[in-house]
Amino acid sequence: MRRAGPLQVRVLGAKETVVLLLHGMIGAGNSFGAVYDALAEHATVVVPDLLGFGGSRNATGPSDALAHVAALDASLSALGLRGRRTIVAGHSMGGVLALYWAAAHTDDVQSVVTFGAPLYRTRTEADVHVAGMGRGQALLAGDGPLPRAVCAWMCRHRTAASWVAAASRPDLPVPVARSGVQHTWDSYTGSLNGLIRDVGWAAALDGLGRAQVPVVLATGANDPVPVPGRAAELASTWPTITHLTHRHAGHGLPLTHPDWCRRLVTEALDPEVDQVPR
């Protein structure tokens with residue numbers, strides 16, 4: 001891990017094309033584990049801890065979509081990678097951010113891959129589905145006194161809170177579960193309101209369609225977070241959008257089925273390599 005501008009990042013490989021992997025809400029870059037290191041055979045792989053999360057949690061200022069995009073830009077510039085051909089892939093909140101970032105850089109983006117992206121059209125729709133992201137998000141969802149109190153306790157007792165998180169999520173690798181408390185109230189609520197509850201993803205997706213940037217919307221058949229049928233509906237609006245479903249996956253696709261997700265990114269790098277069955 002190293003510092004690059006405002007973000008803590010992991011960088012692998014030294015190829016010309018860049019692969020940017022963006023983690024989800026209440027997570028960090030370690031959500032993309034060792035399986036994804038193989039992408040460095042084909043690209044320079046950049047895995048940031050997003051603004052206000054993980055090793056980047058001490059960032060100050062807003063955490064809305066524009067701030068996240070600017071932080072990614074500053075980080076890529078610090079690495080000397082700004083302006084290169086890029087495949088951007090993101091999980092959950094990171095999938096929404098991938099659409100925003102790609103729409104702002106259509107001249108550089110080769111393709112976009114999202115995993116379980118929460119593409120909501122109203123705040124009410126978002127609040128109904130956000131609880132499906134996990135117990136942590138369900139407890140923190142909203143702007144009331146209980147979520148604020150829980151987050152304040154985690155900030156005061158971060159080590160203890162990280163072990164509670166690990167104990168409550170035995171299905172996750174311990175370092176990944178412990179990373180779930182590495183954020184602040186401001187970064188959490190800013191990202192919740194500025195990315196997950198925001199509807200700007202629709203304009204971003206339209207912009208990518210007009211620019212003919214390929215977009216893959218990958219979901220798990222058992223994922224409660226995306227709106228049922230939304231990805232398939234969106235795939236019918238632009239010929240550049242593809243919807244793929246993993247029959248056995250839930251919301252944690254990059255962690256539970258990393259080989260499948262890695263193959264999607266590899267195919268985005270080279271459509272003739274390692275194709276995932278349609």
Side-chain angles (χ1 to χ4, degrees), residues 22-27 31 50-53 57 59 61-72 88 90-104 112 114-152 154-155 180-181 183-209 215 217-220 222-238 241 243 250-253:
L22 309 179
H23 65 79
M25 178 72 85
I26 306 191
S31 298
L50 295 176
L51 188 70
F53 295 86
R57 73 177 180 276
S63 299
D64 57 11
L66 289 177
H68 277 287
V69 169
L72 291 172
V88 57
H91 172 230
S92 193
M93 179 191 78
V96 179
L97 177 56
L99 295 175
Y100 276 99
W101 188 87
V112 183
T114 72
F115 307 110
L119 305 177
Y120 305 128
R121 292 199 169 109
T122 66
R123 177 176 174 137
T124 299
E125 190 175 71
D127 290 346
V128 166
H129 286 268
V130 74
M133 294 183 184
R135 286 187 290 270
Q137 286 90 333
L139 187 60
L140 287 170
D143 307 304
L146 178 59
R148 185 183 289 272
V150 171
C151 198
M154 290 194 302
C155 288
V181 304
H183 60 272
T184 66
W185 175 252
D186 288 342
S187 63
Y188 175 81
T189 55
S191 300
L192 176 66
N193 291 319
L195 286 169
I196 291 177
R197 284 173 169 166
D198 192 78
V199 299
W201 60 267
L205 199 57
D206 284 343
L208 292 169
V215 176
L217 303 176
T219 57
N222 302 314
D223 187 350
V225 173
V227 176
R230 177 67 45 81
E233 170 204 335
L234 293 169
S236 70
T237 63
W238 290 99
I241 301 176
H243 172 226
H251 190 58
L253 258 173

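- A 4.5 Å side-chain heavy-atom check between Trp201 and Thr114 finds every atom pair outside the cut-off.
- The shortest distance between side-chain heavy atoms of Val96 and Pro118 falls below 4.5 Å.
- For the pair Leu195/Met25, no side-chain contact is recorded, criterion being any heavy-atom separation below 4.5 Å from C-beta on.
- Expressed to the nearest 0.5 Å, how far OH of Tyr100 lies from CG of Leu66 amounts to 8.5 Å.
- For the residue pair Gly90 and Ala98, the shortest heavy atom distance occurs at N-CB, 4.2 Å.
- Taking CG of Asp206 as the start and CD1 of Ile241 as the end, the distance is 7.5 Å to the nearest 0.5 Å.
- Put simply, the side chain of Leu119 reaches to within 4.5 Å of the side chain of Leu99, judged on heavy atoms.
- Remark: aromatic rings of His129 and Tyr120 are close, center separation under 6.0 Å.
- Taking every heavy atom of both residues into account, Thr219 and Ala231 meet most closely at CG2-CB, 4.4 Å.
- Annotation: the span from Ser63 atom OG to Leu192 atom CG amounts to 11.5 Å, rounded to 0.5 Å.
- Checked by atom type and distance alone, the side chain of His91 pairs as donor or acceptor with a backbone atom of His251 at under 3.5 Å.
- Atom-to-atom distance recorded for His23:NE2 and Phe53:CZ is 7.0 Å, nearest 0.5 angstrom.
- Summarising the geometry of Pro62 relative to Leu51, their closest heavy-atom pair is O-CD2, 3.5 Å, with the distance given to 0.1 Å.
- The minimum heavy-atom distance linking Gly200 with Asp198 is given by the pair N-OD2, 2.8 Å.
- Nearest heavy atom pair, residue Met93 against residue Leu50, reads CE-CD1, 3.8 Å.
- Within the structure, salt bridge (charged side-chain N to carboxylate O under 4.0 Å, His left out) pairs that include any residue of residues 229-238 comprise Arg121-Glu233, Glu125-Arg230, Arg230-Glu233 (at least two apart or interchain).
- Side-chain contact between Thr237 and Leu205: absent, with no pair of heavy atoms (C-beta onward) separated by less than 4.5 Å.
- Closest approach of Val112 and Ala102 over heavy atoms only: CG2-CB, 3.4 Å.
- Residues forming a side chain to side chain donor-acceptor pair (under 3.5 Å) with Asp64 (at least two apart in sequence, or on another chain): none.
- Put simply, OG on Ser187 and CD1 on Ile26 are 9.5 Å apart, with the number rounded to the nearest 0.5 Å.
- To the nearest 0.5 Å, the span separating CZ on Arg123 from CG on Asp127 amounts to 5.5 Å.
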Under the criterion side chain to side chain contact (heavy atoms under 4.5 Å, CB included), I'd like the reasoning laid out for Thr122 against Val199: C-alpha separation, chi angles, the key distance, then a yes or no.
CA-CA 7 Å; Thr122 66; Val199 299; 6.0 Å; no
